[in-house]
Every structure is written in C-alpha cells, then in structure tokens.
J.: 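Structure incoming, see below.
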Amino acid sequence: MEESELIVERKKKLDELKELGIEPYGRRFTCTHKIADIKEDTGKVKMAGRIVALRGHGKAAFADIKDITGKMQLYFKNDILGEEKYEIFKKIDIGDFLGVEGSVFRTRTGELTLRVRDFKILAKSLRPLPEKWHGLKDVEIRYRKRYLDLIANEETPRIFHKRSQLIDKIREFLNERGFLEVETPMMQEIPGGAKARPFITHHQALDTDLYLRIAPELYLKRLLVGGLERVYEINRSFRNEGIDTLHNPEFTMLEAYSAYGDYQEMMELTQELIVSLAKEILGKEEINYQEQKIDLKPPWQRISLKESLKEYCSFEDFSDLKKMKKIAKGLNLELSGKENGFEIADNIFKKRVQPALINPVFILDYPRSTSPLAKSKPDNTKLVERFELFIGGLEIANAYSELNDPAEQRRRFEEELKEEREGVKKTIDEDYLEALEYGMPPAAGLGIGIDRLVMLLTNSSSIREVLLFPQLKPEQ
RNA sequence: GCGCCCUUAGCUCAAUCGGUAGAGCAGGACACUCUUAAUGUCAAGGUUGCAGGUUCGAUUCCUGCAGGGCGUACCA
C-alpha cells in the first residue's frame with residue numbers, strides 16, 4: 001500500500017529530530033503532577049501526555065495535552081524556550097507524547113495554562129489522529145482499532161472506567177459477604193453448565209480434545225462439595241453461537257454459589273447487589289436505558305413464568321399446543337413445527353413478554369426440562385426453583401436452587417441426552433455425579449451477564465460498546 | 001444462515017435523475033508572541049470497498065464478492 005503523504009511528512013520530522021540528536025522515543029519521565037491535580041498555585045510542574053491540539057502563533061504556540069485525568073493547555077514561547085528548543089517544538093505533531101516542565105499561569109481569558117520551560121519527546125506519532133471535533137464515528141474502525149476510539153471519543157474511556165468500577169464493586173460486595181473468589185478451568189473435558197455449542201481445542205502433550213468452557217458452573221459446585229461454602233468467579237465463558245447486539249463469542253459472567261441457600265435468598269442478594277452497583281456507579285436508583293426510564297427501587301416484582309404469559313398473552317396452559325401455536329403465529333414467530341410446549345411458550349415469552357419487562361422483574365418457576373441443574377419445586381416436580389431477572393428488556397441474571405441429589409441429577413442428564421443438538425458433545429459428566437455422591441450441600445447459584453449489566457448502566461445498545469475488543473471477522 | 005441497509009480524501013461529511021467528485025478538520029508553504037473548533041493567504045490531497053456487466057461514458061444502474069450496521073434465527 002502506498003504510504004500516505006501525511007505519514008511521509010511525519011517520518012520526515014522524525015528523521016530531522018534524529019539529525020538534531022533528539023531521540024524521538026523517550027524513556028522514563030518522572031511527573032510531579034497529573035493534569036487534574038494542577039492548580040493555579042501549583043509551583044513547578046512536570047507532567048506528561050499526548051498532544052491533542054496545536055495552535056501556532058508565529059513565535060509562540062498553544063497546545064492541548066491530555067493525560068488520563070484530563071486535558072490542559074500548554075504555552076510554548078520562543079523567548080522562554082530559546083531558539084533551539086523552539087525549533088524542535090516546531091517538529092511536534094498532534095498525537096506525539098511529550099513530557100513537559102514549567103509553571104502554571106492563567107491566560108487573559110482565564111484558562112489554566114502551563115508555561116513550558118523545557119520538554120522531552122516521549123514518543124513521536126507517525127499517523128494522523130481522527131478528526132478533533134467530530135471524533136471517530138466509523139463503528140468498524142472504532143471496534144477494530146479501539147485505541148483510536150479511546151483517543152478520539154470521550155465517552156469510550158468513560159464506559160470502560162465504569163465497567164472496571166462495576167466489577168470492582170461486585171468483588172467488594174461479595175467479599176464482604178464471605179464469598180471466596182476462585183478460578184476454575186476454562187479448558188474442560190466435558191463442557192457443562194449450559195447448553196451451547198462450545199469451541200474445541202486440542203492439547204498436544206495430552207493428545208486430547210478440550211472445550212473452552214460454556215459456563216463454570218459444574219466446577220464451582222464441585223467446590224461446594226469441597227466445603228468452600230461461598231464461592232464466585234468473574235471471568236470469560238465462550239459460546240460458539242451467533243454474534244449480535246447481545247452476544248459475543250466470549251463474554252464475562254459472574255457465577256456465585258451460596259451453600260445452604262435457595263433461589264429466594266439469591267433474589268434478595270441479586271437485588272441488593274444491583275441496586276448498590278447503580279448507587280455506587282451512577283449515584284442513583286433510576287436509570288435511563290435506550291429512551292426508557294428504569295426504576296431500580298426495591299422490592300422488585302416477582303412473577304411466575306406462567307403468570308407473566310397470562311398477563312401479557314392471556315394463556316397459561318403449556319400443554320395447549322394449539323392455542324400457543326395460534327398466538328405464536330399472531331406474533332409472526334417462525335416455528336419449525338417440532339417445538340414442544342415450552343419451546344413455543346419460550347418463543348412467545350421472548351417476543352412478547354420480555355421486551356415489556358422494563359423495570360426489574362424476577363420471572364420465576366421454569367419448567368424442569370429446560371433446567372437440568374436446578375432443584376424441583378417441592379409441590380410441583382415439573383417446575384424448578386429458578387428465576388431469571390429482566391431489566392430494560394434484557395436478560396440480566398439466571399439463578400436457581402441447585403440440584404444436589406446425584407440420582408436425580410443423573411436422570412436429568414439422561415433426559416438431556418435425548419435431545420439432539422449438533423456440535424454439542426453428549427457425554428454425562430460422571431466426575432461431577434461422583435462429586436455429588438460425596439454430598440453437596442443445598443445451595444443457591446447465580447449467574448449474571450456482566451457485559452449486559454454494563455450495557456444497562458452505560459446506556460449502551462450493543463454489547464460491542466462495552467467490550468474493548470469485540471469479535472469481528474478478520475479483514476480481507 | 002436469511003432479509004434490509006451502508007462503504008466517497010487520514011477523519012467527519014457533501015454531490016451525481018449516468019457526463020468523470022467538493023467542503024471542514026488534519027497535513028504542507030507563508031504571515032502572526034494570549035489562542036482555544038485560533039486566524040488570513042496559497043498550494044496539495046481521491047483507482048468513490050473489490051471484481052465483473054450494461055453504456056459512447058459508471059462513483060451513480062445491474063450482478064457477484066468482502067467488511068460493517070440493523071433485524072431475524074441459533075445461544076435451555
């Protein structure tokens with residue numbers, strides 16, 4: 001590819017600097033201040049950052065320099081820097097990293113400005129930055145070259161600060177309550193804990209196929225067997241499925257398990273956690289998400305799956321296939337005809353009910369057939385003690401009372417085996433069943449999609465906006 | 001996977017009922033020692049995503065491909 005004229009120009013300056021004996025890629029520079037800490041009465045200042053704007057005035061110039069804490073104006077003046085230094089300054093481009101030294105003053109217009117007495121080039125930038133005023137809008141470049149997005153769009157670093165803060169607060173919240181953070185295998189012999197298509201990889205030395213985990217669940221519950229009563233993990237899971245605004249092949253999940261609890265306890269914990277996160281990060285209990293106002297004030301509504309379908313679609317009998325198919329048709333749902341009652345109901349739920357769940361709602365009591373790791377309800381073995389949490393129409397959390405009866409668990413796994421699914425290894429995890437046979441305390445388990453929670457708290461419409469490097473097809 | 005839409009200068013955007021692309025920013029030259037989207041003057045910058053087709057002529061119309069966006073399906 002032909003090199004752009006803009007790059008040629010910058011390389012020319014690079015060479016000229018080298019000829020003057022200036023190293024354009026500097027070393028350690030010790031700062032006395034970050035930009036945000038600089039005040040009018042701050043004396044001598046040494047700070048570093050990236051030049052983001054230049055305004056020349058013949059024998060003087062203003063520049064804006066940016067560090068992680070903010071932006072400030074620099075004033076370069078011929079008779080302060082000296083002729084020689086000023087000539088070097090003229091070879092500075094927007095995008096260069098500079099270490100500067102000087103004293104603070106206010107300009108005539110009142111702007112806090114650093115009068116530069118000396119500076120060092122810390123890194124020469126060879127490529128032009130995106131436009132200063134409109135930023136970088138091309139979504140593809142924003143995702144592929146996130147570093148440019150971070151430089152050009154103020155909102156982007158803000159999102160990732162919030163994301164980091166959120167995960168921090170989750171850890172704090174759980175640690176305070178006696179949960180132990182653990183790390184369990186991402187490469188698993190039998191991918192369990194969900195029913196998604198896994199990624200396959202191969203270990204050479206062991207000469208065995210391994211699967212990237214689709215969920216950490218079965219390993220975390222082995223830890224309950226081992227007596228670690230409260231454990232959690234915040235890390236990636238991988239699902240080899242379609243990519244859209246809510247799904248990325250690798251995504252971050254919180255899974256937490258609490259011995260001796262049940263899904264009711266988890267509802268309390270989940271509600272408390274999310275409310276406290278909103279308060280800490282946004283400073284309030286109301287959030288705006290995609291033109292919707294969401295009120296997080298507890299207590300949150302709890303309604304069974306059946307009741308929700310009754311309320312929004314006026315039917316409640318999962319065995320009435322005829323009626324459900326009619327409703328599905330009315331909603332323009334494409335059905336293959338092979339779906340069972342719940343699958344149709346689930347489709348109807350997703351199309352009709354879920355988008356209406358703006359304020360937080362716990363949907364309770366799912367059919368046993370779709371929840372092979374959940375404990376049945378004592379009064380109705382067709383249903384399990386499970387909830388999903390919806391906020392802003394997004395599925396945010398999934399939790400249940402954990403099934404700890406090994407014989408029942410085996411029957412559920414066997415039921416599951418009957419369902420064909422392409423690309424999913426159909427193997428019963430005997431090791432897990434063995435662990436249950438040693439005895440696992442009754443427990444509550446919770447999974448929260450961290451990416452979606454971040455979407456909610458940053459008002460992002462796509463999961464890609466909250467992932468630094470979302471998955472895209474390779475170029476070309 | 002399917003459907004619809006998008007792709008023009010480094011960036012942000014114009015334009016063409018088919019007649020050969022224009023501006024701002026950035027970059028270059030000159031001027032300018034308090035500007036802040038600095039200013040003024042001048043010059044430069046493009047295989048209009050890629051490959052074909054129709055046409056005297058395609059950036060525009062058509063087909064295919066690539067990448068992206070949105071929707072839909074899979075993701076219990």
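By convention in this document, chain letters (A, B, ...) are assigned in the order of the sequence lines, proteins followed by strands, and residues within each chain are numbered from 1. Here the structure is a predicted model, which is why all the values come from computation and not from measurement.
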J.: Does A/Leu148 reach a base, just sugar-phosphate, or nothing at all? Heavy atoms under 4.0 Å.
T.: nothing
J.: With respect to the side chain of A/Asp244, which nucleotide from B/G68, B/G28, B/C74 is positioned closest?
T.: B/C74
J.: Aromatic rings A/Phe62 and A/Tyr75: how do their planes relate, parallel, tilted or perpendicular, breaks at 30° and 60°?
T.: parallel
J.: Can you tell me, in whole Å, how much space there is between the C1' of B/G57 and that of B/U16?
T.: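 Those two atoms are separated by 14 Å.
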J.: Ignoring hydrogens and geometry, is there a side-chain-to-backbone donor-acceptor pair from A/Asp96 to A/Ile121 under 3.5 Å?
T.: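 Not confirmed, A/Asp96 side chain does not pair with A/Ile121 backbone.
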J.: In whole Å, I'd like the distance from the CG atom of A/Leu54 to the P atom of B/A26.
T.: 10 Å
J.: Identify whether any heavy atom of A/Phe105 sits under 4.0 Å from a base atom; if not, whether one sits that close to sugar-phosphate; answer base, sugar-phosphate or nothing.
T.: base
J.: Please tell me which of the listed nucleotides, B/G69, B/G10, B/C34, lies nearest to the side chain of A/Val139?
T.: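 Selected nucleotide (nearest to the side chain): B/G69.
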J.: Look at all strands and tell whether A/Ser369 reaches a base, only sugar-phosphate, or nothing, counting heavy atoms closer than 4.0 Å.
T.: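 Nothing: the residue A/Ser369, judged by heavy atoms under 4.0 Å, touches no strand.
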J.: Please tabulate the protein-to-nucleotide N/O contacts below 3.5 Å involving nucleotides 12-15 of chain B, giving atom names and distances.
T.:
from, atom 1, to, atom 2, distance (Å)
B/U12, OP1, A/Lys137, N, 2.9
B/U12, OP1, A/Asp138, N, 2.8

J.: Would you mind classifying the nucleic acid contact of A/Tyr366 as base, sugar-phosphate or nothing, using non-hydrogen atoms under 4.0 angstrom?
T.: nothing
J.: What integer number of Å spans the C1' atoms of B/G18 and B/C56?
T.: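 Taking atom C1' in both B/G18 and B/C56, they lie 12 Å apart.
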J.: Among B/C74, B/C34, B/G10, which nucleotide sits nearest the side chain of A/Thr107?
T.: B/C34
J.: Which nucleotide in the set B/A76, B/U35, B/C70 lies at the smallest distance from any side-chain heavy atom of A/Ser462?
T.: B/C70
J.: Is it the case that the side chains of A/Ser258 and A/Glu265 hold a donor-acceptor pair, with the cut-off being a distance below 3.5 Å and no angle test?
T.: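 A/Glu265 vs A/Ser258: donor-acceptor pair found between side chains.
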J.: Please check this pair: side chain of A/Gln188 against backbone of A/Pro185, looking for a donor-acceptor N/O pair closer than 3.5 Å.
T.: yes
J.: A side-chain contact here means heavy atoms from C-beta on lying under 4.5 Å apart; do A/Leu394 and A/Phe390 qualify?
T.: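 No, their side chains stay 4.5 Å or more apart.
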J.: Once you apply a heavy-atom cut-off of 4.0 Å, does A/Lys77 come out as touching a base, just sugar-phosphate, or nothing?
T.: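 The answer is base, as A/Lys77 lies within the cut-off (heavy atoms under 4.0 Å) of a base atom.
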J.: N/O contacts under 3.5 Å, protein versus nucleotides 3-9 of chain B?
T.:
none

J.: Please figure out whether A/Ala60 or A/Asn398 has its closest RNA chain B nucleotide nearer the 5' end.
T.: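 Taking each residue's closest nucleotide, the earlier one in sequence belongs to A/Ala60.
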J.: Would you mind reading off the distance between A/Leu129 atom CG and B/A26 atom P, rounded to a whole angstrom?
T.: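 Rounded to whole Å, this separation is 12 Å.
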J.: Can you tell me if A/Asn248 uses its side chain to pair, donor with acceptor, with the backbone of A/Phe251 under 3.5 Å?
T.: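 Judged by distance alone, no pair lies under 3.5 Å.
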J.: Under 4.0 Å, heavy atoms only, any strand: does A/Glu9 hit a base, just the sugar-phosphate, or nothing?
T.: sugar-phosphate
J.: So, does A/Lys13 get its side chain near the phosphate of B/G28, meaning an N or O under 4.0 Å from OP1 or OP2?
T.: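 It does, given that an N or O in the side chain of A/Lys13 lies less than 4.0 Å from OP1 or OP2 of B/G28.
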J.: Whole angstroms only, please: what is the CD1-C1' distance between A/Ile243 and B/C75?
T.: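 Value for this atom pair: 12 Å.
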J.: How many whole angstroms separate atom OH of A/Tyr211 from atom P of B/C75?
T.: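 Interatomic distance, OH of A/Tyr211 to P of B/C75: 18 Å.
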J.: Students often get this wrong, so: under 4.0 angstrom with heavy atoms, is A/Arg464 touching a base, only sugar-phosphate, or nothing?
T.: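 Answer is sugar-phosphate: A/Arg464 comes under 4.0 Å of backbone atoms only.
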J.: Dump the intermediate steps for side chain to side chain contact (heavy atoms under 4.5 Å, CB included) on A/Leu246 and A/Arg452, then the final yes or no.
T.: CA-CA 7 Å; A/Leu246 293 173; A/Arg452 291 187 188 170; 3.9 Å; yes
J.: In residues 370-378 of chain A, which residues come under 4.0 Å of RNA chain B by heavy atom?
T.: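 Result for residues 370-378 of chain A: A/Thr370, A/Ser371, A/Pro372, sorted by number.
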J.: Look at A/Arg108 and B/C34 and indicate whether a side-chain polar atom (N or O) is within less than 4.0 Å of OP1 or OP2.
T.: no
J.: Scan A/Lys90, A/Glu84, A/Glu83 and name whichever one has a side-chain contact (heavy atoms from CB on, under 4.5 Å) with A/Tyr86.
T.: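 Among A/Lys90, A/Glu84, A/Glu83, the one meeting side-chain contact (heavy atoms from CB on, under 4.5 Å) with A/Tyr86 is A/Lys90.
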J.: In sequence, state the C-alpha distance, the side-chain angles, and the governing distance for A/Arg106 and A/Glu111, and then conclude on salt bridge (Lys or Arg N to Asp or Glu O under 4.0 Å).
T.: CA-CA 5 Å; A/Arg106 268 190 203 280; A/Glu111 174 149 355; over 6 Å; no
J.: Just compare B/G69, B/A37, B/A26 and give me whichever is closest to any side-chain atom of A/Trp133.
T.: B/A37
J.: Please confirm whether the shortest side-chain N or O distance from A/Ser4 to OP1 or OP2 of B/G27 is below 4.0 Å.
T.: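 For B/G27, OP1/OP2 do not have a side-chain N/O of A/Ser4 under 4.0 Å.
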J.: Does the gap between the ring centers of A/Phe76 and A/Phe119 come in under 6.0 Å?
T.: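 Here the rings of A/Phe119 and A/Phe76 have centres that are less than 6.0 Å from each other.
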J.: For B/G28 versus B/A14, give the span between their P atoms, rounded off to a whole number of Å.
T.: 27 Å
J.: Using Watson-Crick and G-U wobble pairs with both distances under 3.5 Å, what is the 5'-to-3' dot-bracket string of RNA chain B, with [ ] for crossing pairs and | for pairs outside the strand?
T.: (((((((..((((.....[..))))..((((.......))))......(((((..]....))))))))))))....
J.: Determine the Euclidean distance between corresponding P atoms of B/G3 and B/U8; express it in Å to zero decimal places.
T.: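 Those two atoms are separated by 24 Å.
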J.: With distance as the sole criterion, is a donor-acceptor pair present between the side chains of A/Arg412 and A/Ser376 under 3.5 Å?
T.: yes
J.: Nearest to the side chain of A/Lys132, heavy atoms from C-beta on, is which of B/C74, B/A37, B/C70?
T.: B/A37
J.: What residues form a side-chain hydrogen bond (donor to acceptor under 3.5 Å, both in side chains) with A/Thr184, not counting sequence neighbours?
T.: A/Arg213, A/Glu233
J.: For residues 395-403 of chain A, please give each side-chain donor-acceptor pair under 3.5 Å, one per line with the distance, not counting sequence neighbours.
T.:
from, atom 1, to, atom 2, distance (Å)
A/Asn398, OD1, A/Arg386, NE, 3.0
A/Tyr400, OH, A/Glu217, OE1, 2.9
A/Tyr400, OH, A/Glu217, OE2, 2.9
A/Ser401, OG, A/Tyr263, N, 3.0
A/Ser401, OG, A/Glu385, OE1, 2.5
A/Glu402, OE1, A/Lys221, NZ, 2.4
A/Glu402, OE2, A/Gly445, N, 3.2

J.: Give the nucleotide from the list B/A76, B/G10, B/U33 with an atom nearest to the side chain of A/Arg386.
T.: B/A76
J.: Can you check the A/Lys59 NZ to B/C34 C1' distance for me, whole Å?
T.: 17 Å
J.: Which part of the nucleic acid, if any, lies within contact of A/Arg144, taking any heavy atom under 4.0 Å across all strands shown: a base, the sugar-phosphate backbone alone, or nothing?
T.: sugar-phosphate
J.: Does A/Lys120 have more than 12 heavy atoms from other residues, nucleotides or ligands lying within 6.0 Å of its NZ?
T.: no
J.: Once you apply a heavy-atom cut-off of 4.0 Å, does A/Ala53 come out as touching a base, just sugar-phosphate, or nothing?
T.: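 No contact at all - A/Ala53 keeps every heavy atom at 4.0 Å or more from the nucleic acid.
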J.: Reckon A/Arg239 has a side-chain N or O less than 4.0 Å from the OP1 or OP2 of B/A76?
T.: yes
J.: For a quick check of understanding: with a heavy-atom distance under 4.0 Å over all strands, which category does A/Asp64 fall into, base, sugar-phosphate or nothing?
T.: nothing
J.: Check every strand shown and say whether A/Lys71 touches a base, only sugar-phosphate, or nothing at a heavy-atom separation below 4.0 Å.
T.: nothing
J.: From C-beta outward on A/Leu6, which listed nucleotide comes closest to its side chain: B/G10, B/U33, B/G68?
T.: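 Shortest atom-to-atom distance from the side chain points to B/G10.
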J.: Closer than 4.0 angstrom, basic N to acidic O: yes or no for A/Glu307 and A/Lys310?
T.: no
J.: Does A/Arg163 count as lying over the ring of A/Phe160, i.e. NZ or CZ under 6.0 Å from the six-ring centre, within 45 degrees of the axis?
T.: no
J.: Identify which one of A/Leu129, A/Leu74, A/Val100, A/Asp64 satisfies the side-chain contact (heavy atoms from CB on, under 4.5 Å) criterion when paired with A/Ile51.
T.: A/Leu74
